[in-house]
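Notes for the one structure printed next.
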Amino acid sequence: MRTPVSHELAPRLDPGAIEPARYRAWLEGGYFHVPASAVLEEGREPYVIVIPPPNVTAVLHMGHGLNNTVQDVLIRWRRMQGRAALWVPGTDHAGIATQNVVERQLAAEGLHREDLGREAFVERVWSFVNETGGVILDQLKAIGASLDWERTRFTLDPELSRAVREVFVHLYEKDLIYRGEYIINWCPRCLTALSNEEAEGAESVGSLWHFRYPVAPEAQEAAEAAHRASAESDRPGAIGRFEDGRWYVTVSTTRPETMLGDTGVAVHPDDERYGALVGAEVELPLTGRRIPVVADVHVDPSFGSGMVKVTPAHDINDFEIAGRTGLEILDVMNPDATLNEEVPERFRGLDRSEARERVLGALDEAGLLVDREEHTYSVPQCYRCDTVVEPRLSDQWFVRMEPLAQPALAAARDGSISFTPAHWKRVYEHWMENIRDWCISRQLWWGHRIPVWYCSCGEVIVAREDPDRCPQCGSTELEQDPDVLDTWFSSQLWPFSVFGWPEETDDLEAFYPGHAMVTAPEILFFWVARMVMMGYEFHGEAPFSQIYLHGTVRDAHGRKMSKSLGNGIDPLDVVERFGADAMRYTIVSQCAVGTDISLDHEDVEGAFANGRNFANKIWNAGRFALMSLGEEPVRPLEDVEGDLRLEDRWILTRTTRAGRSATRALERFRLHDAAESLYHYFWGDVCDWYLEVVKGRLGPDADPASREAARSTLVTVLDRALRLLHPVVPFVTAELWSKLPWPDGLERPDDLIIAPWPDGADGFEDADAEGRMDDVRAFVVEVRRLRKEYGIPEGQRITVHVTGGPESFTPALENQATALERLARVERVDSVGASGVGGHAVLENGAELFVPLEGVIDIAREVERLQDEIARLDKQLEGTRARLANEKFTSNAPPEVVQKERDKAAQLEEQESKLREKLEGLEAGAS
RNA sequence: GGUCGCUUAGCUCAGCUGGUAGAGCGCUACGUUCACAUCGUAGAUGUCGCAGGUUCGAGUCCUGCAGCGACCACCA
């Protein structure tokens, strides 16, 4: 069935030689594919993760590496637990991002999308996506992602588009989608509306300008009254007098160009300073338009002058003030942020930065620009192109979020959905509690077209199927809304649209709702929160129960890895150089809950050394085991139980415990803990101790019963260890496991990928053996230390006298004679205390060790060596002390240098006193 | 402005429900015993940001302060 081919194993793991073939074998074995029947017919318990669909045009970066490694670890682990573990792959059409890429291509050809027209442009995007899209999915294969490729989905697939349309119409019919004219975030470069989430704040230093608006002639008395009231108030006033005696008010802005759209000035209704002015008018400079002073609660009397100019069409707060006070709404800007016909002629047609200069110039000339201050504030930018967003009045489609948020909020509160790390729960709740309506229409061509048609008779048709005539007037001249939907509108349906909803499919029944959602905190609001809302709206429950938010990948300086910073690491390059296992282990071992991952892009080898070394260690341990086991049959562990020795019982116990702690860690998304504890179990316990101890029992000359027990134990331990390690380092483990001999008569799974997970629940356990072996190990370590301390040559065998310690200690040591010889070159353990020249040590268990040195080392030479050493230290000390005694040095050198010198002196003194103590001991014994 | 988080060995960071400080990398010394030098053995290094408090006992809980960061909101 399988022939051990240990002699073929290279002494170094060559990932390139095994990984692609392994992955192919898994694909061919169909291990990644989970049909609905596995759940519906075979009754297996499902475990479902849907991938956060990367942008269809994306190429793999470390962030994907992290995200997908985590998911794959979870999926592989659950698969081994016997769950019908399904991980659904796919990509997102990424509206703005993809359209931008293609538009840039066009620009390089000197073309604009308008040159092609909508249909041709969309066709062009499709062909771009068909040619280059989905590359990232192939790249995921290189890192070992065990996705069910038969289920690959794309958010623009016909089935998923049907889901989008169903949802739109459903929400519209429930009055949860509406169209209206509101202030939205407008990107003047992408020429589309954005949601609040898509406008990201960026700290920026700008200016705050102060202007004077003349008070209208008939309101001079009111102004004077307000001026008097201001003088009585302890707050500064905004009322002043020009040289000609006319009154003015002072207002401020960070965006002077919008002043042309001012339709009012507002004060707080309770502000004692300005009560007299409410209802009066001021003149808007540059236009001469009269605008009223209104009272509104939004104004903060304690900020600035307590008087605000109101520009309803270009500021969200001002828009709300207008709504409450009835101020006029005057849009003075075009979609591309150019002043329009509503403004005086000399300012028309200017883009916003030019307009700003002109307006400032004109105001200055008129003597109305009085001051400019530096002002740090957060400027909203387009999340796709970083252009400063323009708040703008616009007719758009919105989702009414509050009703949808209710159940999604309750889900977090009652624990229906859990967050890891837990503190994200509060962030999520805060967002839900303060939710605002979602602008979902985008003035793009790439995406799901809004399913709304307009008839010339005024009828608006919102329909699941494209209508061919108006139900009202029968006209066939219908025009579809030109806009498309926000990309996230389709993404939010992903957990169920991938399973064929709104059709009632077997997949939905079998796999929905899913279990874990693994993603980055950045898209908690964009995506995760909205998926939960949609889950409740359309299925009455959350689409997953656990939300695991992992950290961000950063470079050695803590900066986020990004293309623009040039500090990225290409995961494929890492896979090529060190293997997917190395990359996965490195990532997972750093993946502590709530922390970021840092990898040095300037030292990629160093960054992944740990993972590479570990994979190689596993490889070599396996290589050794396979070579030692040979081709003879191995007996099941039960058959040799009576012959198990202390170290066998110990390592079997350790294995059980390793399984238990790994399971516990994984259940709580503590991937770092799982990886690290398995690392120490394997490297520390299995390799450093068990393999070393058992070496002497595997040869042809060893006692047959002991040999068989060792072989059975070794196979058992290796089998379990490889299973436990498999989710993190799937390739090297599967490769070795496939070559591992198997105990006669025991059923062997077809592949490690589906071998049952050894959770340790019913594993071998012998606490007594564990304790005794720990004593033996402590003994070995202490002897090694003594050997080192006294410079006993490597090859020199010694006798150790032991007294005290637990009763079982000395017999245990006797039983480990071969191992002790091998591990510490201890020829004989004598239980009779001895005296004379030698090294002493006391173990934690109370045993005292004595190593006679007469005849072991040359005492005279050792004394000489120690004397030399002391002399050397003395000389060093002399120099340091001289320097410290020198006042010029202590007073002139930098304090830290002096301190360093002092530390050095102290250290040398301590070393020397230790050596002197040792020397005295030797000399006393020798005499 | 609000909320939350972080500050532990030279570097990057673990440390869950309070009980004698840990890992990896790096560093030092020794080592080519046939799994592995991508290795082995041994070793050095920390007033756990600062100041208080609770406790028999605090890196771990509480309060205040400082520095850093994240998210949200945004005051014109």
Side-chain angles (χ1 to χ4, degrees), chain A residues 6 9-13 196-197 200-201 208-210 251-255 258 262 265-266 298-311 315-318 321 375 377-378 380 421 423-424 426-431 434 436 521-522 524-525 552 554 556-558 578 582 586 589-600 603 605-628 664-665 668 670 672-673 676-677 679-680 683 687-688 691-692 695 780-781 784-789 791 793-795 822-825 903 907 911:
Chain A
S6 42
L9 297 190
R12 271 190 200 184
L13 170 62
N196 296 321
E197 288 71 27
E200 298 179 330
L208 180 64
W209 285 274
H210 303 282
V251 292
S252 319
T253 182
T254 55
R255 295 188 302 147
T258 65
D262 285 4
V265 169
H298 171 259
V299 181
D300 177 1
S302 63
F303 182 85
S305 65
M307 191 169 287
V308 190
K309 61 189 221 39
V310 185
T311 323
D315 183 279
I316 179 73
N317 293 306
D318 292 1
I321 292 175
H375 184 62
Y377 63 122
S378 157
H423 73 260
W424 287 108
R426 294 192 56 180
V427 178
Y428 170 96
E429 287 175 348
H430 182 259
W431 188 78
N434 296 284
R436 293 177 298 169
E522 293 101 272
L524 182 60
F525 307 139
T552 306
R554 299 181 181 278
H557 310 289
F578 313 115
T586 299
S589 69
Q590 284 197 52
C591 203
V593 167
T595 64
D596 291 339
I597 300 244
S598 52
L599 298 166
D600 188 351
D603 179 16
E605 179 157 0
F608 294 92
N610 189 221
R612 180 198 55 181
N613 295 354
F614 185 43
N616 189 59
K617 187 72 181 179
I618 297 169
W619 176 255
N620 270 291
R623 192 166 84 101
F624 165 72
L626 296 181
M627 288 193 317
S628 312
R664 213 172 120 71
R668 299 190 294 166
R670 300 182 70 91
H672 154 86
D673 288 349
E676 195 165 283
S677 71
Y679 176 95
H680 286 109
W683 201 315
C687 294
D688 290 347
L691 291 184
E692 292 304 329
K695 269 177 183 171
V780 170
V781 169
R784 283 170 174 167
R785 202 186 58 73
L786 285 170
R787 293 187 64 112
K788 203 80 155 187
E789 187 178 345
E794 291 281 324
R822 179 175 278 281
L823 298 175
R825 304 264 128 187
D903 293 347
Q907 200 185 338
Q911 273 182 29

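Just so it is clear, the structure is predicted and the values come from calculations on it, not from any experiment. So you know, we letter chains A, B, ... as the sequences are listed, proteins then strands, and number each from 1.
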Full working for side chain to side chain contact (heavy atoms under 4.5 Å, CB included) between A/Leu524 and A/Trp431: CA-CA 10 Å; A/Leu524 182 60; A/Trp431 188 78; over 6 Å; no
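Checking B/G40, B/A76, B/C74 against the side-chain heavy atoms of A/Val308 singles out B/A76 as nearest. Listed nucleotides: B/A29, B/C72, B/A35. Nearest to the side chain of A/His430: B/C72. Listed nucleotides: B/U33, B/C4, B/A76. Nearest to the side chain of A/Asp300: B/A76. Checking B/A76, B/C30, B/A42 against the side-chain heavy atoms of A/Glu794 singles out B/C30 as nearest. Proximity note for A/Arg784 (side chain, C-beta onward) versus B/C72, B/A42, B/C16: the nearest is B/A42. Minimum atom distance to the side chain of A/Ser378 is reached by B/C74, of the listed B/A35, B/C74, B/U38.
Under the 6.0 Å distance and 45° angle rule, A/Lys695 counts as a cation-pi partner of A/Phe624.
A/Asn620 has no side-chain polar atom (N or O) that falls below the 4.0 Å cut-off from OP1 or OP2 of B/C39. A close approach under 4.0 Å does not occur between any side-chain nitrogen or oxygen of A/Arg426 and OP1 or OP2 of B/U3. The side chain of A/Trp683 places no N or O atom within less than 4.0 Å of a non-bridging phosphate oxygen (OP1 or OP2) of B/A23. Between A/Arg825 and the phosphate of B/U33, there is no side-chain N or O to OP1/OP2 separation shorter than 4.0 Å. At the phosphate of B/C39, neither OP1 nor OP2 sits under 4.0 Å from any side-chain N or O atom of A/Arg623.
In terms of position along RNA chain B, the nucleotide closest to A/Cys687 lies nearer the 5' end than the nucleotide closest to the other residue of the pair A/Cys687 and A/Val780.
Note on A/Phe525: only backbone sugar-phosphate atoms sit closer than 4.0 angstrom, heavy atoms only; bases stay farther off.
A donor-acceptor pair is defined here as one N or O able to donate and one able to accept, closer than 3.5 Å; no such pair exists between the side chain of A/Trp619 and the backbone of A/Leu9.
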